[in-house]
2 protein chains.
Amino acid sequence: MRTLPSYLCGAWAEGKGDLETLVNPATEEPLAQAGAGGLDRKAALEHARTKGGPGLRALTFAERGALLQAMGDALQAHRNELLDLSVTSGGNTRGDAKFDVDGAIFTLAAYADLGKGLGEVKVLADGEGIPLARNPRFHGQHILVPRTGVAVHVNAFNFPAWGLAEKAAVALLAGMPVVTKPATSSALVAHRILEILTEAQALPEGALSLLMGAAGDLLEHVGPFDVVAFTGSSDTGASIRSLPQVIKNSVRVNVEADSLNAAVLGPDVAAGEETWDYFVKDVLRDMTQKAGQKCTAIRRVLVPSDRADRLRDDLVDRLSAITVGNPALESVRMGPVATASQLEDVRSGVAQLARDGRLVFGSGEVQAVGAPPGKGFFTTPVLIEVEAGAPAPSVHSREVFGPVATLVPYSGRAEEAAELVSRGRGGLVSSVYSEDAAFTADVVLGIAPFHGRVFLGSAKIAEASPGPGTVLPMLVHGGPGRAGGGEELGGLRGLAFYMQRVALEGSRPVIEKIVR
Amino acid sequence: MRTLPSYLCGAWAEGKGDLETLVNPATEEPLAQAGAGGLDRKAALEHARTKGGPGLRALTFAERGALLQAMGDALQAHRNELLDLSVTSGGNTRGDAKFDVDGAIFTLAAYADLGKGLGEVKVLADGEGIPLARNPRFHGQHILVPRTGVAVHVNAFNFPAWGLAEKAAVALLAGMPVVTKPATSSALVAHRILEILTEAQALPEGALSLLMGAAGDLLEHVGPFDVVAFTGSSDTGASIRSLPQVIKNSVRVNVEADSLNAAVLGPDVAAGEETWDYFVKDVLRDMTQKAGQKCTAIRRVLVPSDRADRLRDDLVDRLSAITVGNPALESVRMGPVATASQLEDVRSGVAQLARDGRLVFGSGEVQAVGAPPGKGFFTTPVLIEVEAGAPAPSVHSREVFGPVATLVPYSGRAEEAAELVSRGRGGLVSSVYSEDAAFTADVVLGIAPFHGRVFLGSAKIAEASPGPGTVLPMLVHGGPGRAGGGEELGGLRGLAFYMQRVALEGSRPVIEKIVR
């Protein structure tokens, strides 16, 4: 069986010692091995800092944008291969695989465009010049310059392509070299991406490195001008933030963690209306796409009490039609979750949520289509319903990372909806579906302080919108509190994390010469 | 002796148990006592969140700006009293006292103006609207809304007025209530400010609270929508960042810590020229103003080797003319440091720095004018000189928080200057004094990644500029790495820390109704 090497210090290197076996989550067939035992992570970081950093900083934003375009083009040329690999190694349907791989290509292209727009400059002006005294020569100007360290990216298993690309696109455009560490279980896709990019010689030496296997001591070597961006569980996020090296060096850390994303149905929406159907479709997509393994997926479905039964019945109807099985088959609508431990976590999570209310669809047990008997990490979709007014503490605090959602009836009042949503204590995205602009505005403003993004669902955008579960490169992704307190993307906003903002203060002509 | 009460939950409350005695640092006369034993800090935070927050969020930015103006006006009406108190309780000359108190009033006025400019709105638009699809209805818009928690401000002893006001101005304008904790030794000024503001009824209930004495368990009660802003030592900053409650809740923490600020003299500047004199004046000001107890003060003076002797002689000449003593006397140019332990720290720091080179001015021992014999926390200014090319590790790593600077000769090459400055591993502000725009640009770009602010000294702005040691409200204040990784002020930029950025995604007309 193949052992997947890491790409560090400008060369491929195989880890030694304990290796982890990557399997097809639908069949449990072994696919490859990976491990990073014996690899010199400290040297890898230093190589990125001393080779990759200067190489990137020597380029203008437009030139770095062109690098991103070349990366996107290289992936596009291997798209089918990446999709196949994503299906085999990640439990993804072809649609799920596109969501990940095309998302990666789209995000690279979006940041390539932004780079082009910034032009042939190496220093970004941040805002306008500021007169500091009556004497017009005494002048201020904020600028953004690339940080001189390395960006360490620790990614989640659910988006091996997009997770790698969205973080790398922003860091590389900002001028920072990247060492990226995919979650091992689905790392075949990330590994193949690095192969494609190195074969295409798409990037300067040291700009992008890949660590396969465990992080090990990787984060023990971060310094004051490095940054760490992590996507995954709250617990791991907290342990990264607690590292003595991180704290001592004031290392910037961005965490995207758990999120109990809510979708609120407005009291104006009657069953069978266009907005109702749109809402049902979005809830269903978020429950089943990638078997619910999206950090942005709707977990809590707030519905006016007087139509909770109808919504439950509509959802149960549609869920019954979902074919679960080996995603290599075209007839399969939902694949397995990524690993055995994820499946275990989903099961224990469902048991916990069910204690807050009752299970209305899905026992979890499933006869998966096209999988060897007893094999594969499959679960049915699961819908839980709680009673109106029930405290349901687990529903508002336990993220079950799978095809699981809970119906939470509420009065139909905007304030009550906002209060229920806010019990999530910070999330990535929540949404409100209504054609009543006043109700929408009240919910939006009520829940905005607790989120990084709020989605306003309306029949009028139904055709154009990918729904709340899709992260767009032009909008920020992240959220306060439980969601980790991070912020990524948002167009040019995302660059700030990888750059140092500096106020220049002094003689106006000299400053204007520096910031052209 | 008077015990200074805290102002918590909308009422004055005296601490019980162990009290700390505040003394005049020039005479060691006891002035008052303070302590927070038995005070319910958890309730104080909750009162700010539940009373202060809603009260502030009900106001527009313009209305909150008007509150800041009222605060500034109230302080202005008591300015002389505050200056006197600053001299007696902080070891400040009248000039030092003005720097602190007028800085507070100026910053409040600056943010009052910004509030006025933002107008009668409660939601800030962040950037322009973003088309998200060909269908123009599908639209994005980032907004900023106030966080719903409390802002906890932990301030340093050196600026009891400005430190309180600059942090509070930004938080209050953003719409967050504040619990402020001054350093105890100089807290008489902060305490009097709260008295003045409560007497003037300048703020809504719960908007601004004051904890006198030890922080105690204050930070153990922070939640996911609170923020903590701290100014002080790296060690305390690190311990705040390490608190389980802070990590678990992804609490935003802003730290302003140590900084080895450097000033670089360009090789084009000859002794006796206008720029030379300006440089000498700025170094001297930073060494002696507030007895060197400014986090922005110049600690490392980089001078081309071929004129290091002359610069040393010029500085020694001027330092010899500094009268050290009781700042209540008009003839005194420099007062004591703030406390006995600060004096001890300065002495041990000077001993450490001197091992890297040699002492060229000031033994530390001083006959202070107007102080009782053997009393007061006095030191002379101290100038140390290292040899060109000496590694001088302590000079680049130990911040001595007193009237202490080190001369570091260098070749006159911009790259060498930048390399030496960057050994500080992150600072608040460094500066370059030169009339050679190319040299200036090279140093500025070389050191920018390691700083929050870079000051460009030139004879042309000498009259207008307060020098690198003064923090202006329109420019960011903070720095990476050793400086704590924080960022404050910077005009409207400072608001972001106290607000949640949210991407609204959906139907354009509805979004535009929310963000007018």
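Being a predicted model, the structure only gives us computed values, none of them experimental.
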Under a 4.5 Å heavy-atom cut-off, does chain A meet the side chain of [X], its backbone, both or neither?
X: B/Val476; value: both
X: B/Ser465; value: both
X: B/Val429; value: neither
X: B/Ile247; value: both
X: B/Leu475; value: both
X: B/Glu487; value: side chain
X: B/Leu132; value: side chain
X: B/Val145; value: side chain
X: B/Leu445; value: side chain

More than 12 heavy atoms from other groups under 6.0 Å of CD on A/Glu463
no
Ionic contact status for A/Arg49 with A/Asp226, cut-off 4.0 Å
yes
B/Ser239 side chain to B/Ser242 side chain, donor-acceptor N/O pair below 3.5 angstrom:
no
Looking only at side-chain N and O atoms, does B/Ser430 offer a donor or acceptor that is under 3.5 Å from a partner on B/Asn261?
no
For [X], which atoms come within 4.5 Å of any heavy atom of chain B: side chain, backbone, both, or neither?
X: A/Phe225; result: side chain
X: A/Arg425; result: both
X: A/Pro509; result: neither
X: A/Gln500; result: side chain

Among B/Gly506, B/Pro449, B/Gly485, B/Ala133, who wins on heavy-atom pairs under 4.5 Å with chain A?
B/Pro449
